[in-house]
Amino acid sequence: MTDLHVVDATQDHVDDIVNVIHHAFSARRVLDPPSTALSENATTVAAAIAEHGGLLVLSDGVPLGAVLFEQVGDVLNLRRVSVDPRYQARGVASAMVGCAEEVAVRRGLGRVNLIARVELPDTVEFWRRRGYSVVDQQAHNLTYAKAMPIELTVPTADEMQAIGEELAGQLRAGDVLVLSGDLGAGKTTFTQGLGVGLKVRGAITSPTFVISRVHPSLAGGPALVHVDAYRIGGFAELDDLDLDASLDDAVTVVEWGHGLAEALAPDRLDIVVTRGDDDTDETRSLRITPVGPRWAASGVQVSVLEKN
């Protein structure tokens, strides 16, 4: 088998997709209640593709896998995720799901959802490894979700602060944000916006020489713990700050935290700020990647600027 090619499904692919779905689901053990996937036909698949789209995986022109989409609000639901059993264990499912996530990002959607059966442990483990979290369960059906990253071009420092302020409205006590990026890219500027949105006391400046500052809330909300890990040599030194004592009660922001602060919480926002090649240009690139069950159910909303 040569390279895999994942293509957008078209009406020309309908018969191939129906065949893949039927091969995949007929090979699974019988469930109670049974899956309805075998009821898919050319009419239903053509309608799904026309309305929401889908993907087909090919190798040397041979169809190996397929998935149908259903877009509801800011969620891309994956339906009939199928790999022909003759071509399993060749990376087909991972390639297909990765491309589906790219479709969600291109469409500006916040989350990818799907339903998996609890009786299929291999399937459940696949989605867990892909970073999906269970956000609901109805009888035998597990609803898995994964929040998608947001990529923004931010023209000015004021707009960077505005994004931070908007994001603050989605935060709660216990949330952790790990900030990375170039020196002077705007990590502290972003955090200043968080402080405005959280209504905390004190000016937020780079804490490089203090390492950690606590900004209490002026409005009865969570405090903001602002940490600079630039001079911290490893997780043991970060652990010495005893951040665990405040994690549950505060919003914790760790600048220069990549590779160190991820262990603080399985649920976090990984935020990367980068500057362009022109030092006179204020424009920055901002990428917000939600991680863990905390964000899987809701995703992150940013309306200040259009997404890339």
Student: Hey, does the side chain of Gln11 reach the backbone of Ala46 with a donor-acceptor pair shorter than 3.5 angstrom?
Tutor: yes
Student: Can you tell me how far apart CD (Glu101) and NZ (Lys146) are? Round to the nearest 0.5 Å.
Tutor: 4.0 Å
Student: Could you tell me the separation between the CG atom of Asn19 and the NE2 atom of His13, rounded to the nearest 0.5 Å?
Tutor: 13.0 Å
Student: Can any side-chain N or O of Asp182 pair as donor or acceptor with the backbone N or O of Arg275 at less than 3.5 Å?
Tutor: yes
Student: Between atom CG of Leu286 and atom CD of Glu159, what is the distance when rounded to the nearest 0.5 Å?
Tutor: 11.5 Å
Student: Say you draw a straight line from CG of Leu114 to CG of Asn77; how long is it, rounded to the nearest 0.5 Å?
Tutor: 8.5 Å
Student: Do Thr36 and Arg80 have side-chain N/O donor and acceptor atoms under 3.5 Å apart?
Tutor: yes
Student: Can a donor-acceptor pair be found between the side chains of Gln301 and Asp74 at a distance below 3.5 Å?
Tutor: yes
Student: Tell me yes or no: between the side chains of Glu166 and Ser303, is some donor less than 3.5 Å from an acceptor?
Tutor: yes
Student: Thr205 and Arg213: side-chain hydrogen bond (donor to acceptor under 3.5 Å, both in side chains), yes or no, with the steps?
Tutor: CA-CA 9 Å; Thr205 58; Arg213 285 196 180 100; 3.1 Å; yes
Student: Looking just at side-chain N and O atoms, do Asp158 and Thr156 make a donor-acceptor pair shorter than 3.5 Å?
Tutor: no
Student: Say you draw a straight line from NE2 of His226 to CG of Leu177; how long is it, rounded to the nearest 0.5 Å?
Tutor: 10.5 Å
Student: To the nearest 0.5 Å, what is the distance between CZ (Arg86) and NE2 (His23)?
Tutor: 4.5 Å
